[in-house]
Structures are given as structure tokens and as C-alpha cells.
Novice: 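Starting off with a structure, shown below.
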Amino acid sequence: MASRLRLGINIDHVATVRNARGGSHPDPLRAARIAADAGADGITAHLREDRRHIRDGDIGRLVEEIALPLNFEMAATEEMVAIALRHRPHAACIVPEKRTEVTTEGGLDVIGGREHLVPVIRRLADAGIRVSLFVDPEPAQLDAAIAVGAPVVELHTGAYCEAAGTEREHELERIRRAAAHAAAIGLECHAGHGLAYDSVGPVAAIPSLVELNIGHFLVGEAIFVGLEAAIRQMRRLMDEARSGAAG
Ligand code: PXP
């Protein structure tokens, strides 16, 4: 039987709503606790340079007060490395970051950024942090991830989620091939970005994937059905797709 796929809940957009009024409600930590109760395996949070959603204080509180492992999404900057080394989350996912983007637009260029990434990955790994690189589903980027010493990659599913029809099928095939390649060269493979109820199944069915990270859709859906129900439904869809993949 295919192994259970881990579900990381990205709580960034609970903080987005909080920040809209500048106060402390809704608290992303409360969301993390609900996620834990709903069966999440981890919490993901992206501390952006402009602090538009998660803030510095949230990271400390998540590490200290939440039992689930924290996946700290970060740009490969000196500022973010220092914060990661201070808090020592379970994992750090290195993402490209542009100040003007609405969300993370594409994967990291591991090939072009090799010289910069090697010492960043080494410093995080030496502190006991499991490093993953957020990449587009391209085999050459995965080979580069191995070369720079990353044990984990997260495949960007955004293009697949945004596409329709045959284009979506094509994007899914890219993810399938990249996940198989990652497993073949010894990388642990995660995936995420843009996943929703209508798109999660075919991704969850890819047997070499170990973890999905999902946020924006669930926080939006929580407005209508509550966060716990939204996460439980996502978990159900993942499990159904996974058990189908086993057959
Ligand atoms: N994985 C990574 C690396 C991301 O940058 C994001 C978005 O912050 C996600 C997963 C979650 O994407 P979404 O919020 O669209 O589900």
C-alpha cells in the first residue's frame, strides 16, 4: 500500500487577515492548533522580507508553543538564515522571493544560484535543520539540488493548478516525471502551491511524493466551513487518491 502522504498546513493567510487590521486576531497559532487537531502533520509559514503576513514573533511562538514540526519558508538571505539559526525549526524550505510578487511565482534557480546556495544550505543543515528547495518540476533543477547538498525538494504545483484541460494534464505529467526523477536520485520529494480540492487528487496519487504543503485555498474555504472541516476534507481527498494509487 502506498504510504500515508504528510500534510503541511500553510498558515500565512490567517496572518494576512490579522494584519489587515493590525491587531492580533485571527491568531495564526490558533490556526496551527486547529490544524493539529484536524490531522495535519506539520505547519508551514513564510516569513517574507516585507512581513506582509507572518511576522518575526509568530515564528518564535510557532517553534515554542506548537507541537507539530515547523517548516520555515525563507529566502536565502543573511537575515532569514540568522532567524532560522536562532529558532531552529524542524525544516527550512528555500524559496525565491521578489518584493513585488503577490505570491511565490516560480521555483528557485538552483543551477544559477549554486554558489550562493551551498553555504546557506550547509549552515542550516549544520544546525540540524532539514533543508528543502522549492523548484519547478524540471529534472535539471533536481540534479542541481543534489549537487548543492539539499536532501529534500518541493515541486512547484502552481502551473498545474492554474492550467486547464490538456495543458493541466501536461503540467501534471511534468510533476509526475520530476517526482520519479527525484526519488531515483535520492531526494525526498514534496509538492505544493495553489492546491485545492479539484487539483489535489492526481498530485496526491503520485507514489514518490512524501508531503504536500497547502495554505491559501484552505484558509479561504475556512471562511465558509471552518478551518478544521476544510483540512479534514483535504486530508480525505489525499487519502482517497493515495489508496487508489496503491491498487
Ligand atoms: N509551498 C511553498 C514553497 C510556498 O511558497 C507556498 C505558498 O506560500 C505553498 C507551498 C502553499 O501554497 P498555497 O498557499 O497556494 O497553498
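Just follow the structure's listing: the first ligand is 1, and inside any ligand the first atom is 1.
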Novice: Can you pull out the closest protein heavy atom to atom 15 (O) of ligand 1? Residue, atom name and distance to 0.1 Å, please.
Specialist: Gly194 N, 2.8 Å

Novice: Only heavy atoms of Phe134, strictly under 4.0 Å: list the atoms of ligand 1 that pass.
Specialist: 2 (C), 3 (C)

Novice: Name the closest protein heavy atom to atom 16 (O) of ligand 1, giving the residue it belongs to and the distance to 0.1 Å.
Specialist: Gly215 N, 2.7 Å

Novice: Please write down residue, atom name and distance for the protein heavy atom closest to atom 1 (N) of ligand 1.
Specialist: Glu154 OE2, 2.4 Å

Novice: Mark up the atoms of ligand 1 that fall under 4.0 Å of a heavy atom belonging to Asn213, in ascending order.
Specialist: 10 (C), 11 (C)

Novice: For atom 14 (O) of ligand 1, find the nearest protein heavy atom and state the residue, atom name and distance (0.1 Å precision).
Specialist: His216 N, 2.8 Å

Novice: To which protein heavy atom is atom 12 (O) of ligand 1 closest, and what is the distance rounded to 0.1 Å?
Specialist: His193 CA, 3.3 Å

Novice: Identify whether the distance between the nearest side-chain nitrogen and carboxylate oxygen of Glu240 and Arg236 falls below 4.0 Å.
Specialist: no

Novice: Are Leu212 and Val152 joined in one hydrophobic group, where the rule is that I, L, V, M, F, W and Y side chains link up if heavy atoms are under 4.5 Å apart?
Specialist: no

Novice: Answer with side chain, backbone, both or neither: which part of Glu73 has a heavy atom less than 4.0 angstrom from an atom of ligand 1?
Specialist: side chain

Novice: Scan the side chains in residues 131-139 for donor-acceptor partners under 3.5 Å anywhere in the protein, sequence neighbours excluded, and list what turns up.
Specialist:
residue, atom, partner, partner atom, Å
Asp136, OD1, Gly107, N, 3.1
Asp136, OD2, Gly107, N, 3.3

Novice: Just which atoms of ligand 1 are under 4.0 Å from any heavy atom in Val95?
Specialist: 3 (C)

Novice: Mind checking whether Asp12 contacts ligand 1 via backbone (N, CA, C, O), side chain (CB onward), both or neither, at a 4.0 Å heavy-atom cut-off?
Specialist: side chain

Novice: Would a single hydrophobic cluster contain both Ile54 and Val17, if residues Ile, Leu, Val, Met, Phe, Trp and Tyr are joined by side-chain heavy-atom contacts under 4.5 Å?
Specialist: no

Novice: Would you please test Leu62 and Ile11 for side chain to side chain contact (heavy atoms under 4.5 Å, CB included) and show each step?
Specialist: CA-CA 11 Å; Leu62 283 166; Ile11 55 171; 3.8 Å; yes

Novice: Counting each atom of ligand 1 from 1 as listed, which ones have a heavy atom of Ile214 under 4.0 Å away?
Specialist: 16 (O)

Novice: Stepwise, does the side chain to side chain contact (heavy atoms under 4.5 Å, CB included) test hold for Asn10 with Glu73?
Specialist: CA-CA 10 Å; Asn10 183 313; Glu73 277 183 23; 3.6 Å; yes

Novice: For the residue pair Asp143 / His181, report whether a side-chain donor-acceptor contact shorter than 3.5 Å exists.
Specialist: yes

